[in-house]
Amino acid sequence: MAKRNPKRAAELNIAGLEHFVNWQLEDAVAHFEKAIAADESNPEYHLNLARVLARSGRYDDAMTALGGYLSKETETEIAARFERLFTTA
């Protein structure tokens, strides 16, 4: 297991978001996966990964990433909203 590195994870997440908005989807996936590896406790990284996987048409992988988000999100109302949205789809 890699050592937790929140600062590096945040940098990787920002890079992933830049790739995401520029439709560089595989680069975005790689950066979000690295951000999660550096700090798996941050739900935002899991949600960003789910978003880019969905945009890429990788829906099963997106649902797995969404599960990671739901397991890490501490704001139960937000997590419940996402869970309802995707369990009724």
Side-chain angles (χ1 to χ4, degrees):
M1 182 175 190
K3 183 179 177 187
R4 191 169 171 267
N5 189 340
K7 182 178 182 209
R8 180 70 180 137
E11 293 167 352
L12 289 162
N13 184 62
I14 290 169
L17 290 170
E18 290 171 1
H19 289 297
F20 181 76
V21 299
N22 290 308
W23 285 83
Q24 299 163 335
L25 303 181
E26 288 307 311
D27 289 332
V29 168
H31 280 83
F32 293 139
E33 287 175 339
K34 290 176 184 174
I36 291 167
D39 183 6
E40 69 177 25
S41 68
N42 190 318
E44 179 183 350
Y45 307 155
H46 295 271
L47 185 58
N48 288 340
L49 178 60
R51 290 171 56 209
V52 73
L53 289 168
R55 183 180 275 187
S56 299
R58 295 170 54 186
Y59 302 112
D60 289 340
D61 293 333
M63 292 303 284
T64 299
L66 184 63
Y69 162 76
L70 291 171
S71 73
K72 304 298 180 191
E73 180 56 69
T74 58
E75 294 187 40
T76 55
E77 185 175 321
I78 292 172
R81 197 173 332 154
F82 273 98
E83 192 168 12
R84 281 191 307 273
L85 177 67
F86 287 96
T87 56
T88 59

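Starting from 1, each residue takes its place in the sequence as its number.
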* Within-4.5 Å side-chain heavy-atom neighbours: E33 and V52 -> no
Roughly how far, to the nearest 0.5 Å, is [atom2] of [Y] from [atom1] of [X]?
X: I14; Y: H19; atom1: CD1; atom2: NE2; answer: 12.0 Å
X: N13; Y: E18; atom1: CG; atom2: CD; answer: 10.0 Å
X: L47; Y: F32; atom1: CG; atom2: CZ; answer: 9.5 Å
X: D39; Y: K72; atom1: CG; atom2: NZ; answer: 9.5 Å
X: N48; Y: L12; atom1: CG; atom2: CG; answer: 12.0 Å
X: D61; Y: Y59; atom1: CG; atom2: OH; answer: 12.0 Å

* **Single-linkage hydrophobic cluster, 4.5 Å side-chain cutoff, L70 and M63 together** => yes
* Are L53 and W23 linked, directly or through other ILVMFWY residues, by side chains that come within less than 4.5 angstrom of each other? -> yes
* Asked: E73 side chain to E75 main-chain N or O, any donor-acceptor pair under 3.5 Å?
  -> yes
* Hey, is the main chain of Q24 close enough, under 3.5 Å, to the side chain of N22 for a donor-acceptor pair? -> no
* Asked: Where do S41 and P43 come nearest, in terms of heavy atoms and distance?
  -> O-CD, 3.2 Å
* Asked: Do you know which two heavy atoms are closest between A54 and A62, and how far apart they sit?
  -> N-CB, 3.7 Å
* Structure fact -> Sequence neighbours excluded, the answer for side chain to side chain donor-acceptor pair (under 3.5 Å) partners of R55 is none
* What pairs with H46 under ring-ring contact (aromatic ring centres under 6.0 Å, His included), at least two apart in sequence or on another chain? -> none
* To do: Name all residues meeting the ring-ring contact (aromatic ring centres under 6.0 Å, His included) criterion together with Y69; count only those two or more places apart in sequence or in a different chain, and write none if there are none.
  => F82
